[in-house]
Amino acid sequence: MDRIVQQLNEVMDHLVRFDVLHIGPVTITSTVINTWIVMIVLFAAVKLLTRGGFHEKPRGAQVFIEMLVEFLYGLLEGAMGKHGRKYLWIVGSLFVFILAMNLSWFIPGFVPPTTDIMTTAALAITTIVLTHVMGIKEKTFRGYLHNYVSPVVIMLPMNILEEIVKPFSLAIRLFGNMFGEKTVVTILAVLVPVVLPVPVMMLGLLMGFIQAFIFTLLTCTYLATQTHGH
Amino acid sequence: MTVAGLFAVALAIALPAMTSALSQAWATSKAMESMSRQPEAAGDMRTALLIALAFMEALTLFSFVIAILLWTSL
């Protein structure tokens, strides 16, 4: 029993971020390095996929990219109609980035950046601030403030509370799911190292897709409430 | 770590997980029912269902984070 607990502690220590180097007051942690690795891979992949140029009749990688874009257009149009298409840049980059970070789990020995709450908190705060900025841009500052007192003035504290809770729930949802999944697989791998962790890892693959999808879906919904009122 | 502390951590994750699993099951079964009754509206229902499930899931995850905090502070 003690051996297992010790083993577990060793493996769990591997999951926690550590400081790599200091540049003045800024500390670069292992999570940041991992995020950079994911970003480099993503940039390289995008460069390779778009190398062929644009074809009127899609072929090769363009089919794949068009499928992705159609899927995201579907999400946006479901939330705010034809008008929503112009927000593709927010939703699309979030989806691709989070998906890449979640699936980086399958690189052996790699700790996915989304198992660190700092990454997800940064993503969530950026997203919520962006939705507010888009709301102000779309409806002017007056209309944006009017959002808080609609439908009636009594709802003001509720609306403010909702805006504060949004980034927390986004961050903790992504972090909790990815970290929980990773922890379960780790514990299973320590207890039964053969075969048993594989189906749970398959579930992790599905979870990576679903969490990226949920994050973008909620971003769409928040964008819709900010830009089109309640 | 005391036995009472262990129980506190275990219950902090177990009870919310149980209740949110029940509520998710209820929501999903209702959505499935209406999807099979009206297959042409299945797309809208799936989106609404996923958003609802995400909100229910969030409660479990909050308690998961609280359980981790409890565990590390004990």
Side-chain angles (χ1 to χ4, degrees), chain A residues 5 8-9 12-13 15-16 70-81 84 91 114-118 120-121 124 162 165-184 187 206-207 209-225, chain B residues 1-29 31-32 34-35 38-74:
Chain A
V5 169
L8 209 61
N9 278 335
M12 290 309 279
D13 280 344
L15 282 182
V16 179
E70 282 294 320
F71 162 70
L72 291 167
Y73 274 161
L75 274 186
L76 283 166
E77 279 171 18
M80 44 193 146
V91 177
T114 33
T115 53
D116 189 343
I117 197 163
M118 294 302 160
T120 59
E162 194 193 349
V165 167
K166 270 176 188 176
F168 277 100
S169 75
L170 270 183
I172 290 177
R173 181 175 301 115
L174 187 56
F175 160 74
N177 272 302
M178 294 319 291
F179 185 75
E181 193 69 34
K182 183 101 187 168
T183 316
V184 167
I187 291 173
L206 186 72
M207 195 70 108
F209 271 102
I210 290 183
Q211 286 316 313
F213 175 63
I214 295 273
F215 198 100
T216 35
L217 190 67
L218 286 172
T219 309
C220 285
T221 321
Y222 293 157
L223 264 176
T225 49
Chain B
M1 189 191 284
T2 59
V3 177
L6 266 176
F7 262 94
V9 174
L11 286 180
I13 188 67
L15 286 179
M18 266 159 60
T19 43
S20 88
L22 277 178
S23 57
Q24 282 189 336
W26 195 22
T28 314
S29 79
M32 294 262 174
S34 40
M35 266 183 215
Q38 218 178 346
E40 59 273 17
D44 294 341
M45 278 174 209
R46 196 169 300 125
T47 320
L49 173 68
L50 276 176
I51 292 180
L53 287 185
F55 283 127
M56 290 177 213
E57 190 79 19
L59 299 176
T60 318
L61 295 169
F62 290 151
S63 64
F64 172 64
V65 171
I66 288 169
I68 290 177
L69 290 179
L70 265 178
W71 185 41
T72 48
S73 68
L74 276 173

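Residue numbering restarts at 1 for every chain, and letters A, B, ... go by the order of the sequence lines.
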Checklist entry - Is any side-chain heavy atom of B:Leu61 closer than 4.5 Å to a side-chain heavy atom of A:Phe175? => result no
Checklist entry - Among residues 44-55 of chain B, which residues come closer than 4.5 Å to chain A, judged by heavy atom distances? => result B:Thr47, B:Leu50, B:Ile51, B:Ala54, B:Phe55
Checklist outcome for this item: Bottom line for A:Ile214: the part with an atom under 4.5 Å from chain B's heavy atoms is side chain
Checklist entry - Considering residues at least two apart in sequence or located in another chain, which fulfil the ring pair (Phe, Tyr, Trp, His ring centres under 6.0 Å) criterion with B:Phe64? => result none
Next on the checklist: Quick check on A:Phe71: does its CZ atom have over 12 non-hydrogen neighbours (other residues, nucleotides or ligands) under 6.0 Å away?
Outcome noted: yes
Checklist entry - Has A:Phe168 got more than 12 heavy atoms of other residues, nucleotides or ligands less than 6.0 Å from its CZ? => result no
Item to check | Atom pair CD1/CZ of B:Ile68 and A:Phe179 - distance to nearest 0.5 Å | outcome: 4.5 Å
Next on the checklist: Working to the nearest 0.5 angstrom, can you tell me the gap between A:Ile172 CD1 and B:Glu57 CD?
Outcome noted: 13.0 Å
Checklist entry - Who among A:Leu218, A:Asn177, A:Thr221 has the most heavy-atom pairs with chain B under 4.5 Å? => result A:Asn177
